[in-house]
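The structure appears right after this line, and notes come after that.
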Amino acid sequence: MGNLAATSAVNRVLIAGAGLAGTAAAIDLAAAGVAVDLIDIKPEVDAAGSGITMQGNGLRELRRLGVWEAVLAAGYPFDSAGLRAPDAAGTLLADLPGARTGGPDLPATVGLPRPALARIMIDRAVAAGAKLRLGTAANALSQDGDGVDVTFADGSAGRYDLVIGADGIRSATRRMIGIADEPRPTGMGIFRAFGARPASVTRTDLYYGGPAYIAGYCPTSEDTLYAYLVEDARDRSGQLPSERLAAMRQLAAFYHGPWDDIRATLTDPAAVSYTLFESLIVAAPWHRGRIVLIGDAAHACPPTLAQGAAQALEDAAVLTELLLSGAALEDGLWAAFTARRFNRAKTVVEASCRLAQWQLDREQGDVMGLIATITALITEPALRPVRGQR
Ligand SMILES: Cc1cc2nc3c(=O)[nH]c(=O)nc-3n(C[C@H](O)[C@H](O)[C@H](O)COP(=O)(O)OP(=O)(O)OC[C@H]3O[C@@H](n4cnc5c(N)ncnc54)[C@H](O)[C@@H]3O)c2cc1C
């Protein structure tokens, strides 16, 4: 850990949640010499999970955080996407070049196993000097003009200059600071299966139509992939893993081409999960006094654009840049944070929801126009170039 940055607005920070937003904020702050406690309610943060599609603008942040080589070694980069028909051959309808939203020197997309990405980020945060405590949460937050007193679930206590709530879509921090917004269902549910990558899968292909709204897959390493099917939201919580696998296989039976190879390996009930799509946008500002929300705690989108993680990383980047810029932890800093993050994140959430709604309504919306708008937006670096080039 380096010496405390003379220009930091904060000396001691608690980050609740060691997902992508929390670890990213921890890396930047700890590397600048800020004392960072990083906690997560889970005893392990890299134990389970499917794959993740990381777009270029997210890769730009991962590179800035010093983990690009590790990400590339763990993942599977690709530069185009296929559009396939839900017909007997899985006919390739279009070959779409992927936009390099992180810059020309980064691939358009990298697929990764979620546990591998989580491990990379945690290791980097700890190496930068963050103190990691797993299996604990903040039970109570009480702030005055100078700091925040925190009581933890294990009975311990601490005082911080700032608390960052990076505790995900069901953020307890959000509730503790009196923000009543909660995620809303978007009407879709997704089967995801993590498994072996057949040779026929070298990028994401998307099939629209048939019994699922979207049937797709993403390679996540030389050996692995995740495949997904999006349907009308259903309560499948009572299903046994074997029943869930059978339901996914039944839907998948309609899709061909590389899906035939994937289906052949879809045999492990433990590899299949089912999640409902939700969305959330907390009205600005995202802070109350010395407690601020970032990532899914502040805004979450259905993964129709695969932007949630990238937006979480961008929140962390902008917040930490402001905290380390010399500005005091006052209204001006918060106004700048809102100005740089709120509209961008909101636009992404709304576009993601619109894409889902067009499908639910079976409406032929201007999908390409919407994607072009978002691509232009996220290609603009979230950080000012001088730091973004680091
Ligand atoms: C089905 C699905 C597929 C998706 N696919 C993609 C994709 O391909 N690409 C993409 O960019 N995005 C995708 N997303 C979105 C992406 O997963 C999220 O936007 C991203 O993980 C948000 O990161 P985060 O750090 O804000 O929150 P999280 O990743 O949710 O991390 C929050 C952390 O906080 C911890 N926590 C929770 N409560 C507490 C507490 N009280 N105290 C302490 N810790 C706590 C949790 O254990 C967790 O580790 C997808 C989302 C869904 C639902």
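No experiment lies behind these values; they were computed from the predicted model shown. Whatever order the structure lists them in is the order used to number ligands and atoms, beginning at 1. Sequential numbering from 1 along the given sequence is applied to the chain's residues.
- Taking the six-membered ring where tryptophan is involved, the planes of F78 and Y76 are tilted, since the angle between them lies from 30° to 60°.
- For the residues S352, P303, S50, the heavy atom positioned nearest atom 2 (C) of ligand 1 is part of P303.
- By the criterion of a heavy-atom distance under 4.0 Å, both the backbone and the side chain of A306 are placed next to ligand 1.
- Considering backbone and side-chain N/O of Y226, one or more are found under 3.5 Å from N/O of ligand 1.
- When only modelled atom types and interatomic distance are considered, S221 and D223 share no side-chain donor-acceptor pair under 3.5 Å.
- The residue Y228 has no part lying near ligand 1, judged by heavy-atom distances below 4.0 Å.
- Heavy-atom proximity to atom 53 (C) of ligand 1, evaluated over T275, D315, I122, is greatest for T275.
- Looking at ligand 1, you'll find an N or O of A309 within less than 3.5 Å of one of its N or O atoms.
- The distance criterion of under 3.5 Å between nitrogen or oxygen atoms is met by L20 with respect to ligand 1.
- In the candidate list M121, Q307, R114, E278, R114 is nearest to atom 51 (C) of ligand 1, counting heavy atoms.
- Remark: minimum distance from atom 18 (C) of ligand 1 to any protein heavy atom is reached at D296 OD2, 3.3 Å.
- A parallel orientation is assigned to the rings of H287 and W334, their planes being inclined by less than 30° (bins at 30° and 60°).
- Atom 30 (O) of ligand 1 has G168 CA, 3.7 Å as its closest protein atom, hydrogens excluded (heavy atom only).
- Considering backbone and side-chain atoms alike, I41 places an N or O below 3.5 Å from some N or O of ligand 1.
- Residue-level proximity to ligand 1 for T53 is carried by backbone and side chain together, each with a heavy atom below 4.0 angstrom.
- Of all the heavy atoms of R175, none lies under 4.0 Å from any atom of ligand 1, so neither backbone nor side chain is involved.
- Looking at atom 48 (C) of ligand 1, its nearest protein heavy atom turns out to be D40 OD2, 3.4 Å.
- With a 4.0 Å heavy-atom cut-off, ligand 1 is reached by no atom of A300.
- Contacts classified as salt bridge (charged side-chain N to carboxylate O under 4.0 Å, His left out) and involving residues 289-301 (residues at least two apart or in different chains) are not found.
- Considering backbone and side-chain atoms alike, M54 places every N or O at 3.5 Å or more from each N or O of ligand 1.
- Contacts between R192 and ligand 1, counted as non-hydrogen atom pairs separated by less than 4.0 Å, involve the side chain only.
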